[in-house]
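Before any comments, here is the structure.
A, B, ... follow the sequence lines: proteins, then strands. Residue 1 opens every chain. Values reported hereafter were calculated over all heavy atoms of this structure, with side chains retained and with hydrogens, waters and symmetry mates removed.
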Protein chains: 2
Amino acid sequence: MSTVTPRHTVRHPPTLEAVAEAAGVSRATVSRVVNGSPRVRGEVVEAVQKAIAELGYVPNRAARSLASSRTHSIALLVPEEVSRFFGDPYFASFTTGLDRRLAASEYVLNLVVARDDPDRKAVRYVRGGNVDGAIVVSHHSGHEFLAQLEGVVPIVFGGRPEAGISAEPYFVDVDNVAGGRLATEHLLGLGRRRIATIAGPVDMTASMDRLAGFRAAMDDAGLPSTAIDYGNFTAPGAAAAMRRLLEEQPDLDGLFVASDLMATGALRVLAARGIRVPDDIAIVGYDDSPAATWGEIGLTTVSQPSELMGATTVDVLLRLLGGDPDVPHANIVPTELIIRESA
Amino acid sequence: MSTVTPRHTVRHPPTLEAVAEAAGVSRATVSRVVNGSPRVRGEVVEAVQKAIAELGYVPNRAARSLASSRTHSIALLVPEEVSRFFGDPYFASFTTGLDRRLAASEYVLNLVVARDDPDRKAVRYVRGGNVDGAIVVSHHSGHEFLAQLEGVVPIVFGGRPEAGISAEPYFVDVDNVAGGRLATEHLLGLGRRRIATIAGPVDMTASMDRLAGFRAAMDDAGLPSTAIDYGNFTAPGAAAAMRRLLEEQPDLDGLFVASDLMATGALRVLAARGIRVPDDIAIVGYDDSPAATWGEIGLTTVSQPSELMGATTVDVLLRLLGGDPDVPHANIVPTELIIRESA
DNA sequence: CCCTCCCGTGAGAGCGCTCTCCCGCGCGGT
DNA sequence: ACCGCGCGGGAGAGCGCTCTCACGGGAGGG
């Protein structure tokens with residue numbers, strides 16, 4: 001039990017006013033220096049910067065927001081299932097990319113969980129003018145409330161949103177169809193012919209596109225693309241799908257799994273049954289996530305540059321916030337096949 | 001190319017003033033209602049609330065902060081390695097708990113990455129009065145910059161911080177020593193005698209405490225606690241540790257792994273070598289994370305109520321922010337053994 | 001040599017709230 | 001009847017910044 005007061009007394013931090021006085025100029029001039037206006041003489045800039053450094057001045061965000069009606073913060077809108085979101089390595093590195101790029105700007109990230117509560121707290125938050133823009137990730141269809149955000153602030157989607165969510169959405173995405181095709185063609189190139197796929201949820205464009213790529217490649221090869229099951233982008237889900245696939249078609253020799261995390265689930269099932277990879281079944285994953293190298297054998301996988309995607313998403317949003325008139329709506333980042341041992 | 005202007009024009013949202021006029025009262029009264037002051041007559045409260053609902057009024061956060069010098073936002077300070085942080089299921093559910101509790105309050109989470117950049121952006125951010133309080137997670141020692149935050153705002157640690165970081169830190173933690181002991185005693189109770197452990201990093205109290213619990217239990221049983229290796233809380237790290245342990249002592253019959261994620265790494269090595277679990281080696285993990293049920297067999301594990309911890313961390317911080325004079329510094333949440341198939 | 005223009009700077013009006021006063025009214029005590 | 005008190009509500013002064021506008025002075029043109 002200490003004798004200090006529990007209340008943290010905030011010794012008043014220096015204001016613009018104080019800096020102005022110290023530098024012998026007006027508030028307006030200090031403000032100009034802080035905001036990098038070119039219309040200030042060099043020596044004055046230096047004097048002000050010296051005063052700022054000496055006083056340890058940090059602009060008051062609230063005051064700045066109030067006066068300029070720009071908050072300098074952007075919302076990271078994540079879906080209800082926070083733990084699913086954060087548990088996924090893809091999003092982990094997406095967020096890393098986001099953050100890195102954001103760190104170079106003066107914007108701050110507000111973590112907003114878009115839950116389906118009756119009063120739409122997240123929507124009210126964004127509509128309430130609390131952020132200048134928003135980044136939406138892992139967007140399943142059914143989140144119609146996003147429509148309520150249209151036109152309120154610029155929104156950039158990490159991954160292409162479902163049609164109908166937004167008239168002309170800004171988004172960053174990889175070419176998932178090409179990725180699915182790439183993976184499947186690699187398996188075909190290896191001579192595999194009885195190829196199955198474990199897809200992600202049907203309500204996510206990313207997983208449906210990868211599936212489309214799989215189908216296209218199989219079609220082109222004149223093979224049936226009937227061995228399809230769904231794993232919900234989780235390892236247990238994929239394990240269950242793997243068991244079902246093996247039941248239907250025990251002689252599979254190739255498998256395309258729409259995420260590395262799911263691939264770990266599938267691999268576990270295979271290992272348990274003594275099915276050898278890649279000897280018996282060659283496997284290609286998707287994401288090039290850390291999970292791809294967790295196992296005893298490296299997973300051949302389609303590289304989604306998730307960190308780059310995060311960074312790009314921020315770039316797009318910042319350009320939008322900067323008033324750039326010709327930001328492309330679709331921002332596609334490249335996909336690549338990383339060949340390891342599993343296929 | 002649409003004809004709309006790229007600039008998102010913000011139609012001015014209603015202000016307190018507007019609500020006051022609509023309800024036929026003064027700004028002050030509306031403010032009282034919004035902030036739940038008891039000194040307003042019931043009928044007036046209703047009239048104001050009606051006006052608020054009709055106008056769709058949302059308080060302007062910036063103005064509020066400026067006037068009250070409270071920001072109503074709290075920083076979630078995460079360590080540099082964002083992807084490690086987010087990739088860990090424990091933190092995922094910790095964050096879920098955080099968020100759920102926070103959603104009930106009017107506070108907002110600011111994601112601040114505490115990187116070791118030269119100008120300490122994170123420190124400046126917090127010191128700049130941008131948040132009312134901070135939550136620090138995954139705190140390794142070596143983050144001495146936290147010292148610069150002492151006394152600036154209330155800080156609550158998720159997990160006990162290293163000694164020396166803060167004179168008298170507020171923290172929420174599980175009793176990791178008890179947890180390590182619990183796990184080890186379970187193995188002993190199963191009749192296992194040649195028990196090893198894969199510990200976490202040596203610079204984290206949580207992992208050192210679990211190790212201490214392991215040692216204590218072994219000592220009490222009169223057994224040597226020499227089979228110790230370290231896995232850095234990652235699956236590949238644990239896999240490497242497992243291989244080393246087996247090399248040194250191939251006849252192990254029990255294993256305590258300090259995290260479920262690491263346990264998955266160890267299990268993979270065991271599976272690859274045909275060592276059966278639990279028949280040959282019984283394994284107890286730690287965290288009761290989703291990873292515990294990913295495998296073919298369920299992992300017996302020590303349950304860390306991570307979501308509860310997140311929620312509790314917020315509780316502690318909110319009490320601190322509320323000026324509660326007697327918030328305990330150490331907040332210990334209970335630990336529990338979840339028995340599945342692996343031991 | 002005067003007028004115009006621009007450039008660097010200062011003055012000052014808000015931005016939308018909170019919060020301290022202060023006022024008026026109705027009640028109870030003397 | 002008077003005074004005091006408490007309670008509900010209003011008035012108004014900021015909070016720390018941005019931004020428009022005005023202003024003084026030097027350069028350039030006629």
First and last nt of DNA chain C near chain A, cut-off under 4.0 Å to heavy atoms, 5' to 3', are C/dG8 to C/dG16

*Criterion side chain to side chain contact (heavy atoms under 4.5 Å, CB included) on B/Leu77 and B/Ile155, from CA distance to verdict*: CA-CA 10 Å; B/Leu77 242 40; B/Ile155 297 181; 5.8 Å; no

Give [X] one of three labels, base, sugar-phosphate or nothing, depending on what nucleic acid heavy atoms sit under 4.0 Å from its own.
{"X": "B/Arg32", "answer": "base"}
{"X": "A/Thr29", "answer": "sugar-phosphate"}
{"X": "B/Ser69", "answer": "nothing"}
{"X": "A/Arg39", "answer": "base"}
{"X": "A/Val34", "answer": "nothing"}

By nearest-heavy-atom nucleotide on DNA chain D, the more 5' of B/Leu66 and B/Gly24 is B/Gly24

When B/Ala28 and A/Val30 are each assigned the nearest nucleotide of DNA chain D, the 5'-most assignment goes to B/Ala28

Query raised in the report: Are B/Glu54 and B/Lys50 ion-paired here, with the side-chain N under 4.0 Å from a carboxylate O?
Result: yes

What is the ring orientation for B/His72 with B/Tyr107, classed by angle as parallel under 30°, tilted 30 to 60°, or perpendicular over 60°? tilted

Can you give me the closest heavy-atom contact between [X] and [Y], atom names plus distance?
{"X": "B/Arg319", "Y": "B/Asp326", "result": "NH2-O, 3.5 Å"}
{"X": "A/Val137", "Y": "A/Phe94", "result": "CG1-CE2, 3.2 Å"}
{"X": "B/Thr15", "Y": "B/Tyr57", "result": "C-CE1, 3.5 Å"}
{"X": "B/Ala62", "Y": "A/Ser65", "result": "CB-CB, 3.5 Å"}
{"X": "B/Thr71", "Y": "B/Asp132", "result": "N-OD1, 2.7 Å"}
{"X": "B/Leu109", "Y": "B/Ala75", "result": "CD2-C, 4.5 Å"}

Exercise. For D/dC19, does OP1 or OP2 lie under 4.0 Å from any side-chain N or O of A/Arg70?
Worked result: yes

Students should find that the end-to-end axis angle of the helix from C/dC1-D/dG30 to C/dT30-D/dA1, with five pairs defining each axis and rounding to 10 degrees, is 40°

Here the distance between atom P of D/dC7 and atom CZ of B/Arg41, to the nearest Å, is 15 Å

Comparing B/Asn60 with A/Arg27, nearest DNA chain C nucleotide closer to 5' gives the residue A/Arg27

